[in-house]
2 protein chains.
Amino acid sequence: MKVKEVADLVGISVRTLHHYDEIGLLTPEEITDAGYRLYSDENLEVLQQILFLKELGFPLKQIKTMLDSPDYDRNEALAMQRRMLLDKRAQLDQMIATLDKTILHNRGEIEMTNKEKFQGFNFSSHNPYEQEARERWGDKKVDESNAKWAGMSEKEQQDLGAAMNAIYFKLAALRHGSPESPEAQEAIKEWYEFLNRMGSYSLEAFSGLGQMYVDDERFTKNIDQFGEGLAVFMRDAMAYYAAYNN
Amino acid sequence: MKVKEVADLVGISVRTLHHYDEIGLLTPEEITDAGYRLYSDENLEVLQQILFLKELGFPLKQIKTMLDSPDYDRNEALAMQRRMLLDKRAQLDQMIATLDKTILHNRGEIEMTNKEKFQGFNFSSHNPYEQEARERWGDKKVDESNAKWAGMSEKEQQDLGAAMNAIYFKLAALRHGSPESPEAQEAIKEWYEFLNRMGSYSLEAFSGLGQMYVDDERFTKNIDQFGEGLAVFMRDAMAYYAAYNN
DNA sequence: ATTGACTCTCACGTTGCGTTATACTTTATA
DNA sequence: TATAAAGTATAACGCAACGTGAGAGTCAAT
């Protein structure tokens, strides 16, 4: 398929396809003698992945990094994308609810706090683990973490969300190997460093958090969406990392 | 409220608020002697509108034009935004359905056409009026219009959608006056020119289309979402325009 | 053979901020 | 009360992701 055919089929521009080729994100299967790009069905399947991830706010560089990874599993990616699309739909639902309340507010039928007026504009939805986190680490650490989150722009929040997912991806791809392998330890180190951008975790607290991933089935359920058994794998990797990095 | 307070409440950056001030989109109610920006509750309500419209893909320049318009009615705007958010949610639903099919396809359980793989990535959903349009204007005109639409990038399609909505807004604001007033005629002229970017309408066809807006209750229902009685107003404005612009 | 549509590369422009630097102001802490 | 930290201002460069236009070659339709 030539560029215009692909562009029309998908609903993007020819320039977009050129750009994706230029940055190495989507390289046509074949180039004719005249230099024309020919796209294969496989190219289209990759393009579909790109558009899903793009819709979810991932920057193209990060999409390329994901797709180029030898550990990238398309079916696991689809499962993750599905969850994120559901999250995004839930965010839209919340925005619609906020809009409905705003209409009633404008009619004088209800009062809205300023906070209520902006429900749904970012993913700062209630963290269901916050109560447990407070019990385990105290109010100060949670408030500190929340303050950091709240002090970020939407872009920063999205980037963090995407970075977090990228780490989950990487760990999921490694989970069939040993949690003590250099690759696994490298990836879990990224997780440790990532967490320390939000709060401040000692190695001991890090290991304890890993145990929580398994003890608390809500954590387990969320994490295992990225790959069955990932929560256990992460716990073991985190315990090993904590033991051997002090 | 100072910038950081607003930024934290809303989940945007301080830089964003500065930018909106710079371009005249959101001007703080008050500036202190030190030059600090102070935002009022009214500013926050405007900011909410901005964020709704931004989420719907309107460029900031266009948002500013809308908000600055003396005809801008916030409640009508909210109704329109609600509809567009519902449309966007429907698009996400379609993307999720596409993703689900993709998962089955990857398992070998179903086959997907290339077209099916990209359902939901743009708003090229089936136009329910297409059948009637074919009957009234023939296959050639509809194919031509569809081909033009399909040949556009997502950005162009979104811009057109936004431009279309902006015209509807303008007309809705004018509908309590005479359809023959210069303002109404100017706005309906924009509609005429807009339609001619998609197809090619004679003045006679334009007037006939206006009549259809009233005769066909699905048209009426869609158009009147922008303002009760707008379909009738447009029909009359279109008839007058057609009669006096040949 | 000619024309129209499609394709290529190149390069500048646009939008909406992010980021950094520098300096002033306000608030919290010792 | 003095000092440090946090918050505020403006200015300006940088970035991502294309859009847009120009010029030229290629392919398909007439």
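A note on names: the letters A, B, ... follow the listed sequences, proteins ahead of strands, and every chain is numbered from 1. Atoms considered below: every heavy atom in the structure, side chains included; atoms not considered: hydrogens, waters and symmetry mates.
For A/Arg37 and C/dT9, the shortest distance from a side-chain N or O to OP1 or OP2 is below 4.0 Å. Within the structure, every side-chain polar atom (N or O) of B/Lys4 is placed at least 4.0 Å from both OP1 and OP2 of D/dT8. For B/Ser13, a side-chain nitrogen or oxygen approaches OP1 or OP2 of C/dG18 to under 4.0 Å.
B/Lys117 places no side-chain N or O within 3.5 Å of a backbone atom of B/Thr98 that could act as its donor or acceptor partner. Of the possible donor and acceptor atoms, one in the side chain of B/Asn43 sits under 3.5 Å from a partner among the backbone N and O of B/Glu29.
In this structure A/Thr32 satisfies the side chain to side chain contact (heavy atoms under 4.5 Å, CB included) test together with A/Ala34, A/Tyr36, A/Leu38, sequence neighbours excluded. Applying the side-chain hydrogen bond (donor to acceptor under 3.5 Å, both in side chains) rule to B/His105 yields no partners; only residues at least two apart in sequence or on another chain are considered. For B/Asp33, there are no side-chain hydrogen bond (donor to acceptor under 3.5 Å, both in side chains) partners two or more places apart in sequence or in a different chain. Partners of B/Asn106 according to the side chain to side chain contact (heavy atoms under 4.5 Å, CB included) rule, which considers only residues two or more places apart in sequence or in another chain, are A/Glu45, A/Arg74, A/Asn75, A/Leu78, B/Thr102. Taking A/Glu116 as the reference, A/Lys101 meet the salt bridge (charged side-chain N to carboxylate O under 4.0 Å, His left out) condition, with sequence neighbours excluded. By the salt bridge (charged side-chain N to carboxylate O under 4.0 Å, His left out) test, B/Glu111 pairs with no residue at all, sequence neighbours left out. Among residues two or more places apart in sequence or in another chain, the side-chain hydrogen bond (donor to acceptor under 3.5 Å, both in side chains) test is passed with B/Glu190 by B/Lys170. A/Lys189 pairs by the side chain to side chain contact (heavy atoms under 4.5 Å, CB included) definition with A/Glu193, A/Tyr241, not counting sequence neighbours. Residues meeting the side chain to side chain contact (heavy atoms under 4.5 Å, CB included) test with B/Thr27, sequence neighbours left out: B/Asp21.
Considering every non-hydrogen atom in both B/Met95 and B/Gly120, the closest pair reads CG-O, 3.3 Å.
Note: CD (A/Glu55) to C1' (D/dA17) measures 15 Å, nearest angstrom. Atom NZ in B/Lys54 sits roughly 9 Å away from atom P in C/dG16 (whole-Å rounding). The CG atom of A/Leu53 sits 16 Å away from the C1' atom of D/dA17 (whole-angstrom rounding). As rounded to whole Å, 8 Å separates atom P of D/dA17 from atom NZ of A/Lys61. The interatomic distance linking A/Phe58 (CZ) with D/dA16 (C1') rounds to 17 Å, in whole Å. The nearest whole Å value for the distance from the CG atom in B/Leu17 to the C1' atom in D/dG7 is 14 Å. Separating the CE atom of A/Met1 from the P atom of C/dC6 is a distance of 14 Å, rounded to the nearest angstrom. Remark: C1' of C/dG16 and CD1 of B/Ile63 are 11 Å apart, rounded to the nearest angstrom.
Non-hydrogen atoms lying under 4.0 Å from DNA chain C are contributed by A/His18, all within residues 18-30 of chain A.
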Item checked: Protein proximity profile, nucleotides 25-30 of chain D - base contact B, sugar-phosphate-only contact S, no contact -, cut-off 4.0 Å on heavy atoms -> BBS---
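Direction of the helix axis in the helix from C/dA1-D/dT30 to C/dA30-D/dT1 shifts by 30° between the two five-pair termini, rounded to 10°.
A residue-by-residue look at B/Glu5 and B/Arg15 shows that B/Glu5 has its nearest nucleotide of DNA chain D further toward the 5' end.
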